[in-house]
4 protein chains.
Amino acid sequence: MGRPRYQRRKEDRPQEIAEAAFAAFAEKGFTATKVEDVARRAGVSKGLLYLYFKTKEELFKAVIRGVVTPRVDELTRTLDDSELSAEAFIRGPLLTFLKRLPGSPASVVIRLMISEAPKHPDLVDYYWENVASRGLGALRQLLERGVANGEFRESAVNELPQLFIAPVMMSIVWGIVFADRSLDTDKLIETHVDMILAYIRA
Amino acid sequence: MGRPRYQRRKEDRPQEIAEAAFAAFAEKGFTATKVEDVARRAGVSKGLLYLYFKTKEELFKAVIRGVVTPRVDELTRTLDDSELSAEAFIRGPLLTFLKRLPGSPASVVIRLMISEAPKHPDLVDYYWENVASRGLGALRQLLERGVANGEFRESAVNELPQLFIAPVMMSIVWGIVFADRSLDTDKLIETHVDMILAYIRA
Amino acid sequence: MGRPRYQRRKEDRPQEIAEAAFAAFAEKGFTATKVEDVARRAGVSKGLLYLYFKTKEELFKAVIRGVVTPRVDELTRTLDDSELSAEAFIRGPLLTFLKRLPGSPASVVIRLMISEAPKHPDLVDYYWENVASRGLGALRQLLERGVANGEFRESAVNELPQLFIAPVMMSIVWGIVFADRSLDTDKLIETHVDMILAYIRA
Amino acid sequence: MGRPRYQRRKEDRPQEIAEAAFAAFAEKGFTATKVEDVARRAGVSKGLLYLYFKTKEELFKAVIRGVVTPRVDELTRTLDDSELSAEAFIRGPLLTFLKRLPGSPASVVIRLMISEAPKHPDLVDYYWENVASRGLGALRQLLERGVANGEFRESAVNELPQLFIAPVMMSIVWGIVFADRSLDTDKLIETHVDMILAYIRA
DNA sequence: AATGAATGAGTATTCATTCAT
DNA sequence: CATGAATGAATACTCATTCAT
């Protein structure tokens, strides 16, 4: 009450609010989350929230961007840096990355995108440009590298990098809908990657 | 104006209303759909809607059931009837069935389930019992038949029939989020099935 | 269902509906009673009810009149017929009559009048003319007879026949509000009458 | 128009709203009063009303409590303080108190209790504990004091303190139903008290 | 005469947003 | 900057009443 936590500076405020909002959206979804709850969670008044975010929608978009951008940067950085063979990269860093997704904030973002996409076309645009097309592009590049150095044969998989994502999406959706009815997510993804590699190996 | 204000059509009403509701939910989701809109779409007054469905939630559940039940019945009937080898069945009727899903009402149901699951646990239960577990059970049976008559080797796929569904889910989610940014859904599913068969063939 | 009960004749219908309405009003009050419930209770369709009573209000008024009229007639007849001395009459038939009121339909009518009076001035007029003023007039007459033949002294009671009714009203209101928290109604009324007689005896 | 649309007055609001609500309930009863009307009367928006009272029912209960509590406190205080003989007390402060009731807010509360009792059992409980049983208890005590110091004889009145209230209730009900058809309330109550005293004097 | 399907005005309640302080 | 009191548009649901059959 009396003491501000962490000697708060005004620069942190938007970030703090966005985090609170993310947590709230993760729990209840966008529509069901009340602006007041977000403010309370952030330890801030409603008025102040509106000082930084013009509307609830603005807040939503900011939150999505805030979560998504660093994550995609991480992915592309990983891909760029790698010195491994394509297969070794897929079995190593990529597999690790994919297996992490279902339990990560990314899964929350996907849930939010699925629920809200129809009402937020500009958010979809943003997501497309900054996440989907970049991610798929990176995957495509990886596959092409594999073909170029004789590891992989040409195949339809080259044009459908979504195939890599499919079991991740399956796991995420399963988690959203069936929460408690457990599915061995790791095994699903591993088997899937194994299968792809068997299929495209030269 | 042109039409009579009063139109007795007791038998058809529930069905008509449910169809209008399905269309509305498909467009805007459950929460964003106003009961009044559903009524208008059905060419009916709000009051009449409430005569047949006690609450908006009841209506929702009825709609889901109405879409889901016949579809699942179709699936299990298809599986039961078949005289084909497991692989022939997968490449034939099953592939056809899977390829149809992304453009079908099923995809709407899945979107609704994803958005509303957290608020409708009983609906999830219903969906689990009548769709998910039955569908997965049928797939598992099919794979076991393949193993039994020497077509398939024992493998992880047997325990993860979700792998069959993954590209369908991917396609559906893609369609929800990216609507217009086309994805060759058929090819995705075909390639995926091809890949699975190559993987599990004895 | 198939057989009409009691070989119903159309002449009885309004009466039957009114009785059903009275029962419903007694249970839930006027506002809380749905026209549909009345119709169901009467074993009749809503449409037919509206054939006999133009509005719910009409029905209400008819019901009040139907209950009230015969009861008042009984009272005035009792008073007119009597050959007894005033005190004997009071201790006998009148006391009996008063003690019966709290458990009788009259008490329902009073509850309804209290709740609905502000919205039904014409009903109040009817009630005043046919019940209150006639009843009070009869009581006044009785008291005057007692004075005339030397039983009672002149006193304020003559001008306030409401004093006779007071404990009855008290009992009725108590019953409405406290239903289960019992009050010995009979004793209350007896004591009260005893007290009055002691007070006015010459 | 003239007044500012915004008027911060946190402390007073609940009180102001409760008063407006009391006035509205007094005029039209609970059910017939629209929340919007209460808000308008209080010069406040619907939303603000709901900030202070969670539901219309809550508001109702708060109003009843607000009116009832001070009045009962006044009564019990009066009784406790008195140094008078029982009869002097009855003819003095008690008579004054009783004569005031029919024109006071208490009468509104009683009307509301009569109309709403069946739907608000918890309100009845509250009323019983805080008004009825306390009031009757005080009266009983007073009568016992009179008996103890030889002023009064033992009589049924001791167990039926409701007898004191009867003409007050009669007056209140008369006022509710017949509003304009005047009744000399004061005289009714005075005569009644006179009568009781004559009856129980030792 | 009799039915009950159909209507739609009416009402409690919620919540994003504003603005006096 | 910061607050949270205040606003009011939006929405699910009810029920007296009508009218095609």
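Closest of all the heavy-atom pairs between C:S115 and D:R111 is O-NH2, 4.4 Å. Shown here for C:V177 and D:V124, the closest heavy-atom pair between the two residues is O-CG1, 3.5 Å.
Atom OH in B:Y50 sits about 4 Å away from atom P in F:dC13, given to the nearest Å. When rounded to the nearest whole Å, the span between CZ of B:F30 and C1' of F:dA12 equals 10 Å. Straight-line distance from the CZ atom of B:R40 to the P atom of F:dT11: 11 Å, rounded to whole Å. Rounded to a whole Å, the CD1 atom of D:I17 is 12 Å from the P atom of F:dA5. The distance from atom CD of D:E16 to atom P of F:dA6 is 9 Å, rounded to the nearest whole Å. One interatomic measurement links the two molecules: NZ of D:K34 to P of F:dG8, which rounds to 18 Å at whole-angstrom precision. Rounded to whole angstrom, the span from the CG atom of D:L59 across to the C1' atom of E:dT11 amounts to 15 Å. Atom pair D:E36:CD and F:dA6:C1' shows a separation of 15 Å (rounding to whole Å applied).
For B:K56, whose side chain is taken as the heavy atoms from C-beta onward, the closest listed nucleotide among F:dT7, F:dA12, E:dA12 is F:dA12. Closest approach to the A:R13 side chain among E:dT7, F:dA2, E:dA12 is made by F:dA2 (side chain taken as heavy atoms from C-beta onward). Set against E:dT17, F:dT7, F:dT17, the side chain of D:V44 has F:dT7 as its closest nucleotide.
Nearest-nucleotide mapping onto DNA chain E: of D:T55 and A:T31, the residue sitting toward the 5' end is D:T55. Toward the 5' end of DNA chain E, the nearer of the two residues C:G47 and D:V35, judged by each one's closest nucleotide, is C:G47. Closest-nucleotide positions on DNA chain F for D:L49 and A:S45 were compared, and the one nearer the 5' end corresponds to A:S45. Checking D:L48 against A:L51, the closest nucleotide of DNA chain F that is more toward the 5' end is the one next to A:L51.
At distances below 3.5 Å, at least one donor-acceptor pair connects side-chain atoms of A:K56 with backbone N or O atoms of A:T33.
The stretch residues 9-43 of chain B participates, sequence neighbours left out, in these ring-ring contact (aromatic ring centres under 6.0 Å, His included) pairs: B:F25-B:F30, B:F25-B:F60, B:F30-B:F60, B:F30-B:H120.
Under a cutoff of 6.0 Å and an axis angle of 45°, C:R65 and C:Y126 form a cation-pi pair.
Using a 4.0 Å heavy-atom distance criterion, C:T33 is classed as a sugar-phosphate-only contact. Contact annotation for A:K46: base contact, defined as any heavy-atom pair under 4.0 Å involving a base atom. As judged by a 4.0 angstrom heavy-atom cut-off over every strand, D:Y52 is placed among residues touching the sugar-phosphate backbone only.
Across every strand in view, F:dG4 sits in a pair with E:dC19 that passes the Watson-Crick or G-U test at under 3.5 angstrom. Pair check for E:dA9 finds F:dT14; Watson-Crick or G-U wobble, both atom distances under 3.5 Å.
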